[in-house]
Amino acid sequence: MSEEKSLNFLEEIVEADLASGKYKFILTRFPPEPNGYLHIGHAKSICLNFGLAATYGGQTNLRFDDTNPVTEDTEYVDSIKEDIRWLGFHWANEFYASDYFDTLYEYAVTLIKKGLAYVDDSSSEEIAKLKGTPTEPGKDSPYRNRGIDENLRMFEDMKAGKYADGEKVLRAKIDMAHSNMLMRDPIIYRIKHAHHHRTGDTWCIYPMYDFAHGQSDSIERITHSICTLEFVPHRELYDWFIEKLGIFPSHQYEFARLNMTYTVMSKRKLLQLVTEGHVTGWDDPRMPTISGFRRKGYTPESIRMFAEKIGVARRENLIDLSLLEFCLREDLNKRALRVMAVLDPVKLVITNYEEGKTEDLISENGPDEHLGTRHVPFSRELWIEREDFMEVAPKKWFRLAPGSMVRLKSAYVVQCTGYSKDEAGRVTEIQCEYFPESRSGSGSTEFQVKGTIHWVSVPHAETAEVRLYDRLFKVENPAAEEGDFKEYINPDSLQVIEKAYVEPSLLLATMDDRYQFIRKGYFCLDKEAQPGKMIFNRTATLKDTWVKQQSGES
RNA sequence: UGGGUUAUGGUGUAACGGCAGCACUACAGAUUUUGAUUCUGUCUGUCUAGGUUCGAAUCCUAGUAACCCAACCA
């Protein structure tokens with residue numbers, strides 16, 4: 001009984017192309033513009049492009065689409081490369097559209113010579129006016145029928161820097177009445193006296209996306225050029241340039257971009273969050289950027305699993321954030337080292353435990369044996385979680401309450417004998433007695449308690465800052481709401497606990513390790529941590545059916 | 001009022017004229033020294049109206065809805 005794995009539409013196309021002999025091997029490319037950080041939507045595209053090629057024995061190029069020098073920067077180039085590597089992919093070649101500026105210029109000259117391009121002196125306003133609207137045809141520019149020689153000379157002068165920005169553009173000569181707006185004599189070169197991050201001041205004219213992307217694909221002999229749905233109308237132009245230039249016919253295929261609940265996914269919006277200080281930077285753990293997820297503690301494996309599960313299709317989608325979290329927990333549950341940390345402490349005193357005594361207990365690092373064990377110090381006074389005690393317990397309460405018994409994880413069963421409060425009515429201390437024979441691992445079976453709680457020995461406790469993150473937006477689809485998307489930012493997306501108590505083994509924590517603070521969630525060390533100053537980011541909470549039950553009943 | 005694209009449970013995604021399946025979510029239960037994990041089960045779906053066919057999510061016709069296109073951005 002072989003499970004037949006169904007193919008997505010791109011895999012079907014590739015298989016058909018391979019089967020028909022159209023291509024012997026396939027070459028894809030990932031083409032980011034270096035003007036921002038990569039986000040989880042790009043991760044989908046990366047997994048798709050690299051994954052598809054790898055599945056069918058092909059390769060993938062990394063090509064920076066750097067045709068607009070005013071918005072692009074090497075900072076972005078570096079971050080993009082780091083993110084792709086971190087995700088676990090290897091590009092066959094690192095290319096730049098700017099590598100092809102000479103060729104692209106020649107292609108433009110070719111079009112002029114064929115009478116398929118012309119220099120237009122119109123202002124951008126005039127060009128826009130003559131462009132028409134989706135329902136009305138455009139009108140020809142007065143410069144449309146310039147002679148080839150004059151066009152050639154003027155284009156050369158554009159390149160030579162004889163004109164100011166915006167004074168002239170080179171346009172393809174197609175059809176001003178075309179039903180596809182992109183075919184109404186699109187601008188293919190514009191003048192920008194700007195410093196380019198790679199070509200410096202060599203050029204003052206730069207090709208537009210449509211005149212760079214398809215040709216770059218063609219130059220690299222990309223077989224399957226995969227992009228998102230909003231480029232569907234561009235395909236006609238893409239094909240037009242390839243045909244008129246008579247160059248290698250790459251083909252463009254489009255898929256639906258990723259949208260995810262409780263976040264925004266456009267670079268423009270993400271840039272706003274950064275520049276307006278709603279987050280601390282592109283790698284703020286609340287950002288849907290790859291660097292943000294990395295800093296928050298996500299693993300490459302979890303993101304790849306997510307990309308696999310969401311599939312690839314051509315319909316608009318809004319993926320539930322919980323699917324990403326599911327993939328994360330699936331991975332972290334296997335690898336995270338279990339440790340104990342108390343985030344909201346209250347003191348527990350074991351009145352029948354010898355004062356000044358310390359026991360060195362052995363605790364497993366996780367349910368799976370390969371994670372090993374570690375030593376955890378135990379003593380008479382412990383920090384426990386304030387929420388693990390209730391003066392008046394509700395039904396089905398498994399934790400501490402006057403008279404109740406709980407297991408202290410990896411240690412003893414204790415029974416609550418009393419508690420103290422301050423004038424404000426706040427619990428300041430809980431007293432209990434322990435049962436020496438109930439020690440963990442002793443094999444005693446007489447203590448059947450429902451609840452197990454975590455703890456940290458008071459004299460051995462280390463302190464750490466803990467950052468708890470919640471979703472960045474209050475609504476499922478902030479981009480679709482009325483008004484400014486920033487009105488929907490969740491004001492409680494970050495909660496900082498200045499002083500949490502953690503077990504001493506965490507002194508050895510590294511950036512590479514993932515931890516589960518038992519019963520509290522998955523955590524990792526933040527990059528801002530210093531020797532003597534531990535800082536942990538909450539990667540994700542654990543599922544909590546108790547909280548769910550309670551909120552459901554109230 | 002033009003052109004393009006897409007419609008399958010709450011969310012994604014399969015089916016290629018022949019039993020609408022899988023995953024997430026939600027809910028219920030079992031196990032548990034994490035109210036986690038694990039395991040078992042339950043609910044919910046073919047945009048609408050016609051037609052073709054023994055048989056339609058799939059083919060045809062007509063609608064409807066959503067998204068994209070009028071940057072010298074990509």
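Letters go in sequence order (proteins before strands), and every chain restarts at 1.
A salt bridge does not link A/Asp331 with A/Arg514: none of the charged nitrogens is closer than 4.0 Å to a carboxylate oxygen. Here A/Lys162 does not pair with A/Glu156 in a salt bridge; the nearest charged N to carboxylate O distance is not below 4.0 Å. A salt bridge links A/Arg63 to A/Asp217: at least one charged side-chain nitrogen sits closer than 4.0 Å to a carboxylate oxygen. Between A/Lys192 and A/Asp165 no salt bridge is recorded (no basic side-chain N to carboxylate O distance below 4.0 Å).
With a glycosidic angle more than 90° from 0, B/A14 adopts the anti conformation.
Going from atom CG of A/Leu400 over to atom P of B/G35 covers 12 Å, rounded to whole Å. Computed from coordinates, the A/Phe398 CZ to B/U33 P distance equals 12 Å when rounded to whole Å. For the pair A/Leu337 CG and B/U34 P, the computed distance is 17 Å after rounding to whole Å. In this structure, A/Lys543 atom NZ and B/A28 atom P are separated by 13 Å, rounded to whole Å. Atom CZ in A/Phe435 sits roughly 17 Å away from atom P in B/U33 (whole-Å rounding). Put simply, NE2 on A/His370 is 14 Å from C1' on B/U37, counting in whole angstrom units. Between the CD atom of A/Glu385 and the C1' atom of B/G35 there is a distance of 14 Å, given to the nearest Å. Between the C1' atom of B/A74 and the CD1 atom of A/Ile188 lies a distance of 17 Å, rounded to the nearest Å.
Nucleotides B/C47 and B/G41 are separated by 32 Å at their C1' atoms, to the nearest Å. When the C1' atom is used for both B/U37 and B/A30, the distance is 14 Å, rounded to whole Å. Across the P atoms, B/U38 and B/C24 are found 9 Å apart, a figure rounded to whole Å. The same atom, C1', is picked in B/U25 and in B/U13; the two are 15 Å apart, to the nearest Å. Rounded to whole Å, the P atom of B/C59 lies 16 Å from the corresponding atom of B/A14. Look at the C1' atom in both B/G17 and B/C60: the space between them is 13 Å, to the nearest Å. Rounded to the nearest Å, the gap between the P atom of B/A15 and that of B/G21 is 14 Å. One C1' atom belongs to B/U46, the other to B/U6, and the distance between them is 15 Å to the nearest Å.
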TODO: With pairs defined as Watson-Crick or G-U wobble and both distances under 3.5 angstrom, please note down RNA chain B as a dot-bracket string, | for pairing with another strand.
DONE: .((((((..((((....[..)))).(((((.......)))))....(((((..]....))))))))))).....

Review item, nucleotides 70-72 of chain B N/O atoms under 3.5 Å of protein N/O:
residue : atom : partner  : partner atom : Å
B/C72   : N4   : A/Ser122 : O            : 3.3
B/C72   : N4   : A/Ser124 : N            : 3.3
B/C72   : N4   : A/Gly166 : O            : 3.0

Within the sub-3.5 Å range, which N or O atoms of nucleotides 42-48 of chain B have a protein N or O partner, and how far apart are they?
none

Pairs under 3.5 Å (N/O, protein and nucleotides 6-13 of chain B):
residue : atom : partner  : partner atom : Å
B/U6    : OP1  : A/Arg314 : NE           : 3.4
B/A7    : OP1  : A/Arg315 : NH1          : 3.2
B/U8    : O4   : A/Arg315 : NH2          : 3.0
B/U11   : O3'  : A/Leu318 : O            : 3.0
B/U11   : O2'  : A/Leu318 : O            : 2.9
B/G12   : OP1  : A/Leu318 : N            : 2.6
B/G12   : O2'  : A/Ile310 : O            : 3.0
B/U13   : OP2  : A/Arg315 : NE           : 2.6

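With no hydrogens or angles considered, no side-chain donor-acceptor pair links A/His178 and A/Asn180 at under 3.5 Å. Under the 3.5 Å distance criterion, with hydrogens and angles disregarded, a donor-acceptor pair is assigned to the side chains of A/His213 and A/Arg29.
Aromatic stacking of A/Tyr209 on B/A74: not satisfied for centres closer than 5.5 Å together with planes under 30 degrees.
Side-chain N/O atoms of A/Thr545 include one lying less than 4.0 angstrom from OP1 or OP2 on B/A36. For the pair A/Lys548 and B/A26, the criterion of a side-chain N or O lying under 4.0 Å from OP1 or OP2 is met.
Between the side chain of A/Gln516 and the base of B/U34, a donor-acceptor pair under 3.5 Å is found. Judged by atom type and distance alone, A/Ser322 does not reach the base of B/U25 through any side-chain donor-acceptor pair under 3.5 Å. Evaluation of atom-type donor-acceptor distances gives no pair under 3.5 Å for the side chain of A/Arg519 against the base of B/G35.
Judged as a side chain to side chain donor-acceptor pair (under 3.5 Å), and not counting sequence neighbours, the contacts of A/Tyr412 are A/Glu359. The ring-ring contact (aromatic ring centres under 6.0 Å, His included) search around A/Tyr118 returns none, not counting sequence neighbours. Legend: residues meeting side chain to side chain contact (heavy atoms under 4.5 Å, CB included) with A/Lys409, ordered by chain and number and at least two apart, are A/Met340, A/Glu364, A/Thr452, A/Trp455, A/Ile518. Among residues two or more places apart in sequence or in another chain, the side chain to side chain donor-acceptor pair (under 3.5 Å) test is passed with A/Ser141 by A/Asp120. Listed by chain and number, the residues in a side chain to side chain donor-acceptor pair (under 3.5 Å) with A/Glu136 are A/Thr133 (sequence neighbours excluded). With sequence neighbours excluded, the residues that form a side chain to side chain contact (heavy atoms under 4.5 Å, CB included) with A/Val406 are A/Leu400, A/Val414, A/Ile453. Not counting sequence neighbours, the partners of A/Ala212 by the side chain to side chain contact (heavy atoms under 4.5 Å, CB included) test are A/Thr67, A/Leu104, A/Pro207. Qualifying side chain to side chain donor-acceptor pair (under 3.5 Å) partners for A/Arg190, counting only residues two or more places apart in sequence or in other chains: none.
Nearest nucleotide to the side chain of A/Glu12, out of B/C16, B/U5, B/U33: B/C16. The nucleotide whose nearest atom lies closest to any side-chain atom of A/Pro233 is, among B/C69, B/A26, B/A74, B/C69.
Residue A/His234 is in base contact, counting any heavy-atom pair closer than 4.0 Å across all strands shown. Among the heavy atoms of the strands, none lies under 4.0 Å from A/Arg184. At a threshold of 4.0 angstrom between heavy atoms, the contacts of A/Thr71 with the nucleic acid are absent. Residue contacts for A/Phe231: at a heavy-atom cut-off of 4.0 Å it reaches a base atom on one of the strands shown.
Aromatic ring pairs are classed by plane angle as parallel below 30°, tilted from 30° to 60° and perpendicular above 60°; the pair A/Tyr105 and A/Tyr189 is perpendicular. Classification of the A/Phe241-A/Phe211 ring pair by plane angle, with boundaries at 30° and 60°, yields perpendicular.
The 5' end of RNA chain B is approached more closely, in terms of each residue's nearest nucleotide, by A/Val232 than by the other of A/Val232 and A/Glu364. Comparing A/Glu136 and A/Gln448 by the nucleotide of RNA chain B that holds the closest heavy atom to each, the one mapping nearer the 5' end is A/Glu136.
Annotation: cation-pi geometry satisfied between A/Lys450 and A/Phe398 (NZ/CZ under 6.0 angstrom from ring centroid, within 45° of ring axis).
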